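Reviewing the structure listed below.
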Amino acid sequence: MKKYGIFVLFCCICFLIFSCSTLQEDIEVYSAPEEESPEILELEKEIVFLEANKFRGEEIDLVKIQEITKTLDKMSGSVNLQNIGQAKLLGFQGRVALLDGKKSLAKSYYEQAVNTYKGEVQSVILGFRLGLVENLENQFVAKNYLPLLILENAISAYQREDYLEAVAKFDEAFISLESYYHEAYELMRNKAWKLREISSDSVVSETEILKQDNMNLLQMLTFTQNTTDLLFKYTASKKYAGDAFVNQIILSGLLNALNAMENLTLENLSKDTVITRILAARFLWNLYLDRRGMSGQVVYAEQFIAAGFSPIKDLPLDSPDFDAVLGCVEKELMELVDGENFYPEEPIEPVEFSTSLKKIK
């Protein structure tokens, strides 16, 4: 009986030791982060902007990457930090290594970070980008760092083209994150919003056009031909391509400026011409009039010339596309960018053109 009691006591002691050890590990995972130095916060800001630029497909500032790398190396060797701070620096070092295309080095930093402190958010993000962390929802990090994981889910959704999910996650993350995160990722969030209506069964070539920041004349015509029947009467159901397609549409008059004294289709238009907002308005308005049996009709110019003013600040009365721009705005095919100006010479985004095209019934 005495031996049995000693055995029970021994088991209880072992259980307590194990429980305390587990509790200590849990506390380490959930503990609040230590106060960060202004230098580390500034580095984080610089890294965030570099990463956002990369995710948008922009050119990376390699000089800035090298500068940040040197600063991080210096800090990790000289700054006296607790384990969580060391893991944070290692996480940042790994993320900068990824920016620099050094995946093996980034993986090494991740392994060091995990061994130093379990659950540090920057190393968790690094692991997710390396494919070593599969599900961010199961990661235990300090509560005030959860918005960073939400942001990472937004980036992931954008990359797999789940744009509605991306918008929702971006907006949720922006509520709690520092303003520079919003500034860095606002363009990506807004692009996701514009791309949210891309159908899962869209043709790959059409989807690729919509993702671009601008498009050329051939792409505009091809997109119109593949997604509507608006060009059917001009192509007689033939699938034109290249210069032949462009020339066919020029001959149709759909690229004529209604208010021009002479034919402006001779202004060196080619298949590679980047489509500006005013050229898009010309094409869209001609399609709109054609669909209603009003081809070539001038509707707005005469009345405003008589009144002596233009209702749009950057659209002069003598513009050859006065009717096209005013008509597109009046019929809500297109919008004034800031409520007052049309910005006629700015390239039109393919997503905006697609939205306008859908409104022509």
Side-chain angles (χ1 to χ4, degrees), residues 163 187 190-198 202 206-207 209-231 234 249-250 252-260 264-265 267 269 273-305 307 309-361:
Y163 297 115
L187 288 176
N190 291 344
K191 189 65 173 287
W193 174 254
K194 293 175 181 177
L195 293 170
R196 71 193 185 281
E197 293 183 357
I198 289 182
S202 295
E206 296 162 13
T207 301
I209 291 174
L210 289 174
K211 291 179 185 177
Q212 298 172 181
D213 293 326
N214 56 59
M215 61 182 173
N216 61 37
L217 178 55
L218 181 58
Q219 288 173 327
M220 180 181 76
L221 299 181
T222 301
F223 186 87
T224 304
Q225 179 177 244
N226 291 345
T227 60
T228 74
D229 63 352
L230 294 170
L231 299 181
Y234 301 104
I249 299 304
I250 287 176
S252 74
L254 290 174
L255 293 171
N256 287 355
L258 290 177
N259 307 115
L264 287 185
T265 59
E267 52 189 6
L269 286 180
T273 300
V274 175
I275 302 301
T276 59
R277 288 174 55 78
I278 199 164
L279 188 52
R282 182 190 302 177
F283 180 62
L284 289 165
W285 188 240
N286 281 329
L287 287 174
Y288 179 88
L289 292 178
D290 183 65
R291 181 50 62 101
R292 283 157 180 73
M294 300 168 59
S295 296
Q297 291 190 27
V298 175
V299 181
Y300 300 100
E302 292 182 1
Q303 66 183 79
F304 282 100
I305 288 174
F309 77 96
S310 170
I312 300 176
K313 280 189 174 182
D314 57 358
L315 180 70
L317 284 170
D318 60 354
S319 169
D321 291 295
F322 187 90
D323 257 59
V325 173
L326 203 59
C328 283
V329 172
E330 175 78 13
K331 300 302 180 182
E332 298 184 349
L333 300 181
M334 299 178 73
E335 298 177 348
L336 299 179
V337 176
D338 56 7
E340 297 182 333
N341 295 284
F342 187 73
Y343 294 97
E345 299 307 321
E346 290 292 315
I348 189 169
E349 291 190 6
V351 173
E352 181 185 355
F353 176 79
S354 173
T355 301
S356 300
L357 198 61
K358 291 176 182 176
K359 296 177 181 177
I360 301 176
K361 305 295 185 183

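This is a predicted model, so every value here is computed, not measured.
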Euclidean distance, [Y] [atom2] relative to [X] [atom1], rounded to 0.5 Å:
{"X": "Thr224", "Y": "Asp229", "atom1": "OG1", "atom2": "CG", "answer": "11.5 Å"}
{"X": "Gln225", "Y": "Ile249", "atom1": "CD", "atom2": "CD1", "answer": "7.5 Å"}
{"X": "Ser356", "Y": "Lys331", "atom1": "OG", "atom2": "NZ", "answer": "15.0 Å"}
{"X": "Thr355", "Y": "Ile348", "atom1": "OG1", "atom2": "CD1", "answer": "9.0 Å"}
{"X": "Asp321", "Y": "Leu258", "atom1": "CG", "atom2": "CG", "answer": "8.0 Å"}

For [X], does the [atom1] atom have more than 12 heavy-atom neighbours from other residues, nucleotides or ligands under 6.0 Å away?
{"X": "Gln212", "atom1": "CD", "value": "yes"}
{"X": "Lys313", "atom1": "NZ", "value": "no"}
{"X": "Gln303", "atom1": "CD", "value": "yes"}

If you compare all heavy atoms of [X] against all heavy atoms of [Y], which two are closest, and at what distance to 0.1 Å?
{"X": "Ala281", "Y": "Ala324", "result": "O-CB, 3.8 Å"}
{"X": "Phe322", "Y": "Ser310", "result": "CE1-OG, 3.6 Å"}
{"X": "Gln219", "Y": "Met215", "result": "OE1-CA, 3.2 Å"}
{"X": "Val351", "Y": "Leu195", "result": "CG2-CD2, 3.3 Å"}
{"X": "Asn286", "Y": "Asn256", "result": "ND2-O, 3.0 Å"}
{"X": "Leu289", "Y": "Gln297", "result": "CD1-O, 3.7 Å"}

Result of checking Val325, Ile278, Thr276 against Pro344 for side-chain contact (heavy atoms from CB on, under 4.5 Å):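 It is Ile278, the one option of Val325, Ile278, Thr276 that forms the side-chain contact (heavy atoms from CB on, under 4.5 Å) with Pro344.
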
With the side chain counted from C-beta on, respond yes when [X] and [Y] share a heavy-atom pair under 4.5 Å apart, and no when they do not.
{"X": "Leu315", "Y": "Phe342", "value": "no"}
{"X": "Pro311", "Y": "Leu326", "value": "yes"}
{"X": "Leu269", "Y": "Leu279", "value": "yes"}
{"X": "Asn214", "Y": "Ile275", "value": "no"}
{"X": "Phe304", "Y": "Phe309", "value": "yes"}
{"X": "Asp290", "Y": "Ser252", "value": "no"}

Tyr343/Asp338 under side-chain contact (heavy atoms from CB on, under 4.5 Å): CA gap, chis, key distance, verdict: CA-CA 9 Å; Tyr343 294 97; Asp338 56 7; 3.2 Å; yes

Give a yes or no answer on whether the side chain of [X] reaches the backbone of [Y] with a donor-acceptor pair at less than 3.5 Å.
{"X": "Asp323", "Y": "Ala301", "answer": "yes"}
{"X": "Lys359", "Y": "Met334", "answer": "no"}
{"X": "Asn216", "Y": "Leu218", "answer": "yes"}

N-O pairing of Glu352 and Arg277 below 4.0 Å: yes

Arg292 NZ/CZ over Tyr288 ring centroid, <6.0 Å and within 45° of normal: yes

Geometric class of the Phe353/Phe283 ring pair [parallel <30°, tilted 30-60°, perpendicular >60°]: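 Plane angle under 30°, so parallel.
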
Worked check of side-chain contact (heavy atoms from CB on, under 4.5 Å) between Leu254 and Leu231: CA-CA 9 Å; Leu254 290 174; Leu231 299 181; 3.6 Å; yes

Test log, rule side-chain contact (heavy atoms from CB on, under 4.5 Å), inputs Thr227 and Ser354: CA-CA 9 Å; Thr227 60; Ser354 173; over 6 Å; no

Working for side-chain contact (heavy atoms from CB on, under 4.5 Å), residues Ile360 and Thr228: CA-CA 9 Å; Ile360 301 176; Thr228 74; over 6 Å; no

